[in-house]
Amino acid sequence: MATGRSRAENRAMMTDEIRRLGREHLATHGAAGLSLRAIAREMGVVSSAVYRYVPSRDDLLTMLLVEAYNDVGDAIDAAVETVDPTRRRERLLAAAEAARDWALADPARWALLYGSPVPGYTAPGDQTIEPGTRIPALLLRECAAAYSEGLIRDDLPTPAIEVTDDMAAIRDEFGIDTPVRVLAASTTLWAVLVGAISLETFGQYGTDTFAHPRALFRSQIELTLSMLFT
């Protein structure tokens with residue numbers, strides 16, 4: 001005979017519902033407009049009931065942030081895995097296009113990740129750094145692998161000493177054994193990817209400027225890759 005849900009199951013269900021409504025409110029009100037009280041009203045419970053599962057708005061933002069980072073990271077991983085590991089350039093292009101598709105399908109969550117900072121909120125590094133670095137880490141590792149396979153240009157410029165120090169720290173953090181000039185050049189791909197997606201997702205190109213934005217994005221990424229690959 002069924003005895004009903006356990007306390008852990010009830011907590012998981014409540015947390016999932018709060019998270020779902022948080023995503024909906026994010027789309028309608030933006031990150032700055034998130035309110036646990038509003039979510040409680042929509043759930044038909046007192047606000048204190050919601051606070052037992054998510055103590056504050058900042059905790060909800062962190063929850064949504066981590067979830068979004070992992071969702072886009074999963075989408076990119078899935079796209080990259082469809083391309084043979086020997087085709088590094090095509091894998092990077094697949095990663096970029098998967099990120100664009102995800103952003104256009106869920107612009108509110110892309111804005112949470114790469115839009116304006118939420119006033120009064122500071123993301124806790126112990127929870128967000130690992131999921132937040134999934135995409136750049138994948139790009140850097142793919143470029144590092146391409147370099148080890150002789151696919152990256154030999155004439156990449158050596159960055160300024162300040163940048164060199166930063167790249168050395170990143171190399172140590174991610175355990176990537178490749179010259180700092182390769183890492184520095186690889187960050188250009190990351191910057192172009194995020195910048196181009198954000199320009200399109202946030203409507204910064206204007207509504208009628210480009211008739212074929214997907215083709216434009218692909219050409220932007222391919223041009224960047226051509227600067228890295230032989």
Side-chain angles (χ1 to χ4, degrees), residues 65-66 68-104 110 112-115 123 125 128-202 204 213-230:
L65 193 67
V66 170
Y69 274 132
N70 282 324
D71 282 354
V72 66
D74 289 346
I76 291 172
D77 286 347
V80 170
E81 287 170 6
T82 66
V83 184
D84 190 276
T86 61
R87 297 163 56 198
R88 298 294 177 185
R89 184 166 178 161
E90 289 85 352
R91 283 165 68 89
L92 288 166
L93 180 60
E97 292 188 324
R100 175 184 177 273
D101 290 343
W102 188 92
L104 293 176
W110 182 264
L112 176 64
L113 300 181
Y114 301 112
T128 59
I129 287 176
E130 183 174 352
T133 56
R134 281 183 62 179
I135 303 174
L138 181 147
L139 299 179
L140 293 174
R141 289 192 174 107
E142 285 293 321
C143 288
Y147 174 79
S148 69
E149 294 160 7
L151 303 174
I152 297 294
R153 291 171 49 180
D154 290 329
D155 60 347
L156 293 173
T158 300
I161 185 63
E162 298 87 353
V163 177
T164 297
D165 291 343
D166 290 340
M167 291 302 124
I170 290 173
R171 181 177 60 189
D172 294 342
E173 179 181 354
F174 291 107
I176 300 173
D177 184 18
T178 198
V180 293
R181 69 179 186 278
V182 175
L183 292 181
S186 302
T187 62
T188 302
L189 174 61
W190 170 233
V192 170
L193 183 153
V194 173
I197 292 174
S198 295
L199 282 169
E200 183 180 358
T201 302
F202 303 149
Q204 297 301 315
R214 176 179 288 277
L216 172 66
F217 178 76
R218 186 182 182 96
S219 70
Q220 291 167 332
I221 298 300
E222 287 183 333
L223 176 60
T224 306
L225 290 172
S226 71
M227 298 176 185
L228 292 169
F229 282 73
T230 57

Participant: CG/Leu228 to OG1/Thr188 distance, rounded to the nearest 0.5 angstrom?
Facilitator: 7.0 Å

Participant: State, to 0.1 Å, how close Ala94 and Ala79 come at their nearest heavy-atom pair, and which atoms those are.
Facilitator: O-CB, 3.9 Å

Participant: Counting C-beta onward and ignoring hydrogens, is there a side-chain heavy-atom pair between Leu140 and Leu183 closer than 4.5 Å?
Facilitator: yes

Participant: Looking at every non-hydrogen atom in both residues, tell me the closest pair between Asp154 and Arg181 and how far apart they are.
Facilitator: O-NE, 4.1 Å

Participant: Mind checking the CG-CD1 spacing from Leu92 to Ile221? Nearest 0.5 Å is all I need.
Facilitator: 9.5 Å

Participant: Counting C-beta onward and ignoring hydrogens, is there a side-chain heavy-atom pair between Thr133 and Phe174 closer than 4.5 Å?
Facilitator: yes

Participant: Give the minimum heavy-atom separation between Leu216 and Ser219, together with the two atoms involved.
Facilitator: O-OG, 2.7 Å

Participant: Please check if the side chain of Ser226 supplies one atom and the backbone of Leu223 the other of a donor-acceptor pair under 3.5 Å.
Facilitator: yes

Participant: I need the Arg141 CZ to Ile176 CD1 distance, nearest 0.5 Å.
Facilitator: 5.0 Å

Participant: Answer yes or no: is there a side-chain heavy-atom contact under 4.5 Å between Thr187 and Met167?
Facilitator: yes

Participant: Identify the two heavy atoms, one from Ala78 and one from Thr82, that lie closest to each other, and give their separation to 0.1 Å.
Facilitator: O-CG2, 3.2 Å

Participant: Is atom CD of Glu130 surrounded by more than 12 heavy atoms (other residues, nucleotides or ligands) closer than 6.0 Å?
Facilitator: no

Participant: Any chance you could measure Trp190, atom CH2, to Leu138, atom CG, to the nearest 0.5 Å?
Facilitator: 10.5 Å

Participant: Give a yes or no on this: more than 12 heavy atoms of other residues, nucleotides or ligands lie within 6.0 Å of atom CG of Asp172.
Facilitator: yes

Participant: I'd like to know whether Met227 forms a side-chain contact (heavy atoms from CB on, under 4.5 Å) with Leu156, so could you lay out the CA-CA distance, the side-chain angles of the two residues, the decisive distance to 0.1 Å, and finally the verdict.
Facilitator: CA-CA 9 Å; Met227 298 176 185; Leu156 293 173; over 6 Å; no

Participant: Quick one: pull up CG in Asp177 and CZ in Arg171 and give me the separation to the nearest 0.5 Å.
Facilitator: 7.5 Å

Participant: Provide the closest heavy-atom pair for Val182 versus Cys143 in the form atom of the first, atom of the second, distance.
Facilitator: CG1-O, 4.3 Å

Participant: Would you check, one step at a time, whether the test salt bridge (charged side-chain N to carboxylate O under 4.0 Å, His left out) holds for Asp101 with Arg214?
Facilitator: CA-CA 9 Å; Asp101 290 343; Arg214 176 179 288 277; 2.6 Å; yes

Participant: Do Thr178 and Ile152 touch side chain to side chain, with heavy atoms closer than 4.5 Å?
Facilitator: no

Participant: Does Leu151 form a side-chain contact (heavy atoms from CB on, under 4.5 Å) with Arg89? I'd like the steps, not just the answer.
Facilitator: CA-CA 9 Å; Leu151 303 174; Arg89 184 166 178 161; over 6 Å; no

Participant: If you apply the rule side-chain contact (heavy atoms from CB on, under 4.5 Å), what do you find for Arg134 with Asp74, and how did you get there?
Facilitator: CA-CA 9 Å; Arg134 281 183 62 179; Asp74 289 346; 2.9 Å; yes

Participant: Looking at every heavy atom in both Asp84 and Arg91, which two are closest together, and how far apart are they?
Facilitator: O-CD, 3.3 Å

Participant: From Glu90 CD over to Glu142 CD, what is the distance, rounded to the nearest 0.5 angstrom?
Facilitator: 11.0 Å

